[in-house]
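One structure below.
Note that the structure is a prediction, hence the values are computed from the model and not measured.
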Amino acid sequence: MKVAGLRTRFLFQDPESGEQVSHTTSLLSDTAVDRRTGRIHVAWQDSRFADGAVDSVAMAASDDGGRTWSTPVKVNRTPTGIPLPNQQAFTVALAVGDDGTVAVSHTDFRHNGTGEALLTDRWPARCRPGPADCTSDAATWRETRLTPTSYDMRRAPRIPDEASPRGYFLGERMGLVATGRGFTAAWAVPEAPGRAAVHASTS
């Protein structure tokens with residue numbers, strides 16, 4: 001059954017240079033199931049929350065095995081008072097903990113300025129079901145920062161324009177798994193120009 005229309009912009013760009021970033025992640029979603037209730041969660045990149053201007057992270061859920069789905073809600077807490085290109089959110093990962101806590105991680109440019117570096121960070125947001133369901137507009141999402149300091153996306157491996165994916169690229173997927181009531185995240189960071197390393201954190 002259809003979850004929702006995909007309203008991604010399909011193209012992510014360096015806010016200053018226009019160079020493509022994480023070219024193929026806009027087509028990917030992630031899925032996780034609450035083992036206590038059987039509720040299915042799906043998260044993906046979508047521009048519906050910004051009138052098509054930039055992608056955010058959308059999530060929907062189903063309580064009947066995927067026959068019907070909730071209205072998508074915005075998950076990422078990227079500030080909306082910064083320039084639109086720095087609000088781009090991409091490379092989504094999703095997991096559900098043993099206690100029903102939903103975690104969704106993504107990458108964005110919220111700390112980027114206009115300098116030589118394209119400052120980039122990785123963020124997980126969590127929601128624990130309570131009085132408000134996590135797919136409700138009244139849900140509380142608490143965000144933490146995975147990257148101790150911003151990294152420079154312009155140091156990531158760059159794939160030539162004639163290939164796909166194109167531009168600065170650290171991978172189509174980043175890791176996020178439930179570990180009891182906590183979560184372990186893994187993500188790639190440029191280590192040197194054209195090289196990357198994988199980092200991990202449990203919380």
Side-chain angles (χ1 to χ4, degrees), residues 4-31 42-59 72 74-94 104-125 143 145-176 185-201:
L6 181 63
R7 301 183 188 175
T8 177
R9 286 178 53 83
F10 293 102
L11 184 65
F12 299 92
Q13 295 177 309
D14 182 321
E16 281 76 54
S17 72
E19 179 75 62
Q20 292 190 39
V21 177
S22 295
H23 171 253
T24 55
T25 65
S26 58
L27 296 173
L28 302 178
S29 61
D30 202 4
T31 306
V42 178
W44 69 95
Q45 297 169 206
D46 203 292
S47 67
R48 71 184 64 216
F49 308 109
D51 295 324
V54 293
D55 271 12
S56 299
V57 179
M59 190 185 77
K74 181 180 177 180
V75 172
N76 61 302
R77 307 290 96 182
T78 309
T80 57
I82 59 177
L84 275 171
N86 290 337
Q87 295 179 37
Q88 297 174 95
F90 52 97
T91 317
V92 177
L94 169 67
V104 184
S105 62
H106 74 282
T107 301
D108 70 23
F109 302 134
R110 71 181 67 182
H111 289 140
N112 184 52
T114 57
E116 294 184 2
L118 174 51
L119 299 181
T120 309
D121 287 279
R122 187 79 183 163
W123 306 86
E143 186 180 70
R145 185 179 182 181
L146 285 175
T147 41
T149 58
S150 302
Y151 61 85
D152 181 5
M153 181 63 83
R154 293 179 187 139
R155 292 169 60 88
R158 184 188 178 284
I159 300 175
D161 292 342
E162 61 272 13
S164 183
R166 296 184 291 275
Y168 301 121
F169 191 72
L170 289 172
E172 291 183 329
R173 298 282 189 184
M174 301 294 165
L176 184 66
W187 66 99
V189 173
E191 187 175 44
R195 296 174 54 193
V198 175
H199 293 219
S201 176

Might you work through the side chain to side chain contact (heavy atoms under 4.5 Å, CB included) test for V104 and V92, ending with a clear yes or no?
CA-CA 7 Å; V104 184; V92 177; 3.8 Å; yes
Smallest separation among heavy atoms of [X] and [Y], with atom names:
| X | Y | result |
| --- | --- | --- |
| T91 | E172 | CG2-O, 4.0 Å |
| T147 | R122 | OG1-N, 3.3 Å |
| E19 | G167 | OE2-CA, 3.6 Å |

Do W123 and D108 have side-chain N/O donor and acceptor atoms under 3.5 Å apart?
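Short answer, yes.
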For [Y], does its backbone N or O pair with a side-chain atom of [X] as donor and acceptor, under 3.5 Å?
| X | Y | value |
| --- | --- | --- |
| S47 | A53 | no |
| E143 | N76 | no |
| R158 | A156 | no |

Step by step, work out the side chain to side chain contact (heavy atoms under 4.5 Å, CB included) result for R173 and D30.
CA-CA 9 Å; R173 298 282 189 184; D30 202 4; 4.2 Å; yes
Is R154 paired with D14 through a side-chain N to carboxylate O contact shorter than 4.0 Å?
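Yes, charged N to carboxylate O under 4.0 Å.
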Hey, mind stepping through D152 and L118 against side chain to side chain contact (heavy atoms under 4.5 Å, CB included) and telling me if it holds?
CA-CA 5 Å; D152 181 5; L118 174 51; 3.9 Å; yes
Would L170 and Y151 satisfy side chain to side chain contact (heavy atoms under 4.5 Å, CB included), going step by step from the backbone distance to the final call?
CA-CA 12 Å; L170 289 172; Y151 61 85; 3.7 Å; yes
